[in-house]
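Letters go in sequence order (proteins before strands), and every chain restarts at 1.
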Amino acid sequence: NAGVTQTPKFQVLKTGQSMTLQCAQDMNHNSMYWYRQDPGMGLRLIYYSASEGTTDKGEVPNGYNVSRLNKREFSLRLESAAPSQTSVYFCASSVLAGPTDTQYFGPGTRLTVL
Amino acid sequence: LAKTTQPISMDSYEGQEVNITCSHNNIATNDYITWYQQFPSQGPRFIIQGYKTKVTNEVASLFIPADRKSSTLSLPRVSLSDTAVYYCLVGDSNYQLIWGAGTKLIIKP
């Protein structure tokens, strides 16, 4: 039981490049989330998926797109990376369709945009 | 949306009780308060959640006064392994999630 896994662990991009961050969970959870974490700040919700087949914007969705590929997988895409997107990205999942339920986090992806 | 405010850092000694307070003046009726712990290079991990009064589990207690404008995470008899960043999260079922900036707790021997 691996929990929530994320790939890659580290990534360096040049401005304008695109990439997709992958996330998968093996806990049969309904809801999945993407956050970014910047130094000195709390986590900020980018997008979430309350259940398979649905996605919604969070607090900071600009510059990102997501896909809920199936119940297990939720990917985050940066179409044209910018230095302001340099951050640590966390994927999380929860059993119920609601953030009041316990969220289980992956280990994070550290992204640097030059 | 509720804004959360936490102390940037705290330190204590092994065996002491540590209390970390989070201020959330604009908390809404449907909001819950959740605390997470984060170690370096790891994702946050759930500690405890509450709505009002007091909640206790095997690792911590959460105290929420009647006006719910603040909450206090209490860690009994801390050890070196409790050195981490602690986050307060205020959120409701409509996905309005507001994370605090985190409190870096350092436990000394």
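Against chain B, no residue from residues 79-89 of chain A qualifies, as none has a non-hydrogen atom under 4.5 angstrom away.
Around the OH atom of B:Y13, the shell of radius 6.0 Å holds no more than 12 heavy atoms that belong to other residues, nucleotides or ligands. Within a 6.0 Å sphere centred on CD1 of B:I8, heavy atoms belonging to other residues, nucleotides or ligands number 12 at most. Around CZ of A:R110, the count of heavy atoms belonging to other residues, nucleotides or ligands within 6.0 Å does not exceed 12. Within a 6.0 Å sphere centred on NZ of B:K104, heavy atoms belonging to other residues, nucleotides or ligands number 12 at most.
Following chains of ILVMFWY side-chain contacts shorter than 4.5 Å, one cannot reach B:Y32 starting from B:W35, and the two form parts of different hydrophobic clusters. Using a 4.5 Å cut-off between side-chain heavy atoms of Ile, Leu, Val, Met, Phe, Trp and Tyr, with links allowed through other members, A:F74 and A:F105 fall into different hydrophobic clusters. Residue A:L76 is not grouped with residue A:Y104 when hydrophobic side chains (ILVMFWY) are merged at heavy-atom distances under 4.5 angstrom, including chains of intermediate members. By the criterion of side-chain heavy atoms lying less than 4.5 angstrom apart, applied directly or through intervening Ile, Leu, Val, Met, Phe, Trp or Tyr residues, B:I106 is not grouped with B:M10; the two fall into different hydrophobic clusters. B:V55 is connected to B:V18 through a chain of hydrophobic side-chain contacts under 4.5 Å among Ile, Leu, Val, Met, Phe, Trp and Tyr, so both are in one cluster.
Here the side chains of B:Q38 and A:F90 are in contact, with some heavy-atom distance below 4.5 Å. A 4.5 Å side-chain heavy-atom check between A:Y35 and B:W99 finds at least one atom pair inside the cut-off.
Looking at A:L43, the atoms closer than 4.5 Å to chain B (heavy atoms on both sides) sit in the backbone and in the side chain alike. For chain A, no part of B:Q6 is nearby; none of its heavy atoms comes within less than 4.5 Å. Of the atoms belonging to A:Q37, it is side-chain heavy atoms, and not backbone ones, that fall under 4.5 Å from chain B.
Atoms CG and CZ, from B:L97 and A:R44 in turn, are 14.0 Å apart once rounded to the nearest 0.5 Å. Note that OG1 of A:T102 and CD1 of B:I47 are 11.5 Å apart. Values are rounded to the nearest 0.5 Å.
Checking side-chain atoms of B:Y36 against main-chain N and O of A:Q103 turns up a donor-acceptor pair under 3.5 Å.
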